[in-house]
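The structure presented is a predicted model; accordingly, all values stated were derived computationally and were not measured. Every chain is numbered from 1, with letters handed out A, B, ... down the list of sequences.
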Protein chains: 2
Amino acid sequence: MKHQQGEPIGNNLLRALRTDDWKILRPSLEHWSAPTGTLLHEPGDTVRYAYFPRGSSLVSYLVVLNDGRAIETALVGREGAVGGIVSQGRLPAYTRAEVQLGGLFFRIDLNHLEDAKSASLTLRHLFARYADCLMAQVFQSVACGAAHSIEQRTARWLLAAVERTGVDAMTVTQEQLAVMLGVGRSYLSRVIRDLRQRGVIETRRGQISIRKADRLRSLACECNAAVSHHFNDVLKGVYPAEHPHDGFPDVQPGLRE
Amino acid sequence: MKHQQGEPIGNNLLRALRTDDWKILRPSLEHWSAPTGTLLHEPGDTVRYAYFPRGSSLVSYLVVLNDGRAIETALVGREGAVGGIVSQGRLPAYTRAEVQLGGLFFRIDLNHLEDAKSASLTLRHLFARYADCLMAQVFQSVACGAAHSIEQRTARWLLAAVERTGVDAMTVTQEQLAVMLGVGRSYLSRVIRDLRQRGVIETRRGQISIRKADRLRSLACECNAAVSHHFNDVLKGVYPAEHPHDGFPDVQPGLRE
DNA sequence: AAATGTGATCTAGATCACATTT
DNA sequence: AAATGTGATCTAGATCACATTT
């Protein structure tokens, strides 16, 4: 909130910057937008930009296996950033990064980001803290996959998406979700049916809407809560809360076909 | 190799430092050792030190779930470091870090490490590159848990431990390994029996020895290879190779009760 | 045509219970 | 006593095959 003169930032990580750090970064931030399905980078690509999702924009990190399956490992929304965040500078990407829900972004050339990090210790530390939170999220996903049922993980995914975007209708086919979770489509279809029959969600072709977030929360595993707790320890106020938006518009309908 | 005058370092990440960066860090590195089972930090602890496993020392990162189970998310040996590596400075730990195979370490106060990072861009970048590789390892573990069988994951774990330590006999009970992988002890016992019957491993009470590493490699999933490939892209020469040691003694028997 | 639903069947892995080995 | 082995049984989830819906 510190550096807000009429310009809604729409990204909590950038909003958490000190005023002077924001001034360093601001000239290098480009306005950018992308529709659902856009690939930010593929495994092996040299990463040139960091992307900051704004408003309801959402990105998935995916590990692509030899057989072509792409398993999701983390979701990033307006609490964070994608691309060259953990590493410094331009490196080959390990993952695929795919826009899960289209919308607006800030984008920055990694050379500029590196310069900014060299210029400011506090800026560097903020990004390091975010990297720690992203790491925590991926750590938790390992444990989640090993320990929790498909119903729990499905509920977790839906909640994570809703919390980050502030949007309660996710545009995703059951097939896509099944691949991301690494489970069978046919079985997932039954899990989703059960959730629907209990009135927790609503479904349409290619879309799942949350009707009872609190019911979903009680069905989900502990994993989301554990991650958001770490965010609060390390980056207070960055993980999306109940009333999270800084006046940034939620919906970018044109980017969600 | 650059900065080696008779002192075997025993850690590939430190060995990859430029001579001048090594000179910055060396005075802050303390000799330290720990037996198998030592906890370096618990979830929520303020992390004060980074630890560099030397020789055959090996550390596990574990996520502790609400029900008390501790699922392993990454192994760290002489290719890396544990504690405050991704983050900067002292932060609450998200994971448990436990010594999986006792031995020697270098240890550094994180305040000193931060000072060194501030003093040297190249040192900072080396650690950032390592953080990227550690992240890749955890990413891959998410996909591995979702996609691969228990036999594949067991083979992967054994290989990862052998590659990092250079020791082909891991001191671990089947119960411990089952918990770390998040699988049933009883079922794992059968998987291990099958591997033994095929002559791939040998077992003793509380110990598993690798007899045919190449057979094990063909039974394991792709995940180890994918991670070591990324190490080679990003930190050439740091992931343990066939003849990895810089004259550092392999065995610290006193620390492995 | 792509997405979803669903019956039928299969199987990897979990769980229980208890014996055996170290 | 702790670790391991193993028979018996159960079940979450996978897979197949095909119908139905959008």
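Contact annotation for R153(B): no contact, since no heavy-atom pair falls under 4.0 Å across all strands. Note on T173(B): only backbone sugar-phosphate atoms sit closer than 4.0 angstrom, heavy atoms only; bases stay farther off.
Remark: Q207(A) is not in phosphate contact with dA3(C), judged by side-chain N or O atoms under 4.0 Å from OP1 or OP2. An OP1 or OP2 oxygen of dG5(C) is reached within less than 4.0 angstrom by a side-chain nitrogen or oxygen of R196(A).
Residues satisfying the side-chain hydrogen bond (donor to acceptor under 3.5 Å, both in side chains) test with R198(B), not counting sequence neighbours, are E151(B). Under the rule for a side-chain hydrogen bond (donor to acceptor under 3.5 Å, both in side chains), the partners of T203(A) that lie at least two apart in sequence or sit in another chain are R196(A). Under the rule for a side-chain contact (heavy atoms from CB on, under 4.5 Å), the partners of D233(A) that lie at least two apart in sequence or sit in another chain are H229(A), P92(B). Taking V162(B) as the reference, I210(B) meet the side-chain contact (heavy atoms from CB on, under 4.5 Å) condition, with sequence neighbours excluded. The side-chain contact (heavy atoms from CB on, under 4.5 Å) test applied to V179(A) returns E175(A), not counting sequence neighbours. Here R211(A) pairs with E202(A) under the side-chain contact (heavy atoms from CB on, under 4.5 Å) rule; sequence neighbours left out. E30(A) is linked by a salt bridge (charged side-chain N to carboxylate O under 4.0 Å, His left out) to R107(A), counting only residues two or more places apart in sequence or in another chain.
To the nearest angstrom, C1' of dT4(D) lies 16 Å from CD of E202(B). Spacing between atom CG of L195(B) and atom P of dT4(D) amounts to 14 Å, rounded to whole angstrom units. Spacing between atom CZ of R193(A) and atom P of dG5(C) amounts to 9 Å, rounded to whole angstrom units.
Comparing Q197(B) and Q176(B), the nucleotide of DNA chain D nearest to each residue sits closer to the 5' end for Q176(B).
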Side-chain donor/acceptor pairs under 3.5 Å, residues 181-192 of chain A, sequence neighbours excluded:
from    : atom 1 : to      : atom 2 : distance (Å)
S186(A) : OG     : R190(A) : NH2    : 3.0
R190(A) : NE     : S186(A) : O      : 3.4

Which donor-acceptor pairs under 3.5 Å do side chains of residues 59-71 of chain B form with protein atoms, sequence neighbours excluded?
from   : atom 1 : to      : atom 2 : distance (Å)
S60(B) : OG     : E72(B)  : OE2    : 2.6
S60(B) : OG     : Q100(B) : OE1    : 3.3
Y61(B) : OH     : G83(B)  : N      : 3.4
D67(B) : OD1    : R69(B)  : N      : 3.0
D67(B) : OD2    : R69(B)  : NE     : 3.1
D67(B) : OD2    : R69(B)  : NH2    : 3.2

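Scanning residues 62-73 of chain A for heavy-atom distances under 4.0 Å to DNA chain D yields an empty list.
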Worksheet, complete the sentence: Protein-proximity profile, nucleotides 11-22 of chain D, B/S/- by nucleotide at the 4.0 Å heavy-atom cutoff, equals -SBSBB-----B

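Neither side chain, E79(B) nor Y130(B), offers a donor N or O lying under 3.5 Å from an acceptor on the other.
Checked against the 6.0 Å centroid threshold, Y239(A) and F231(A) count as a close aromatic pair.
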Worksheet item: If you write DNA chain C from 5' to 3' in dot-bracket form, with Watson-Crick or G-U pairs under 3.5 Å, [ ] for crossing pairs and | for pairs with another strand, what do you get?
Response: ||||||||||||||||||||||

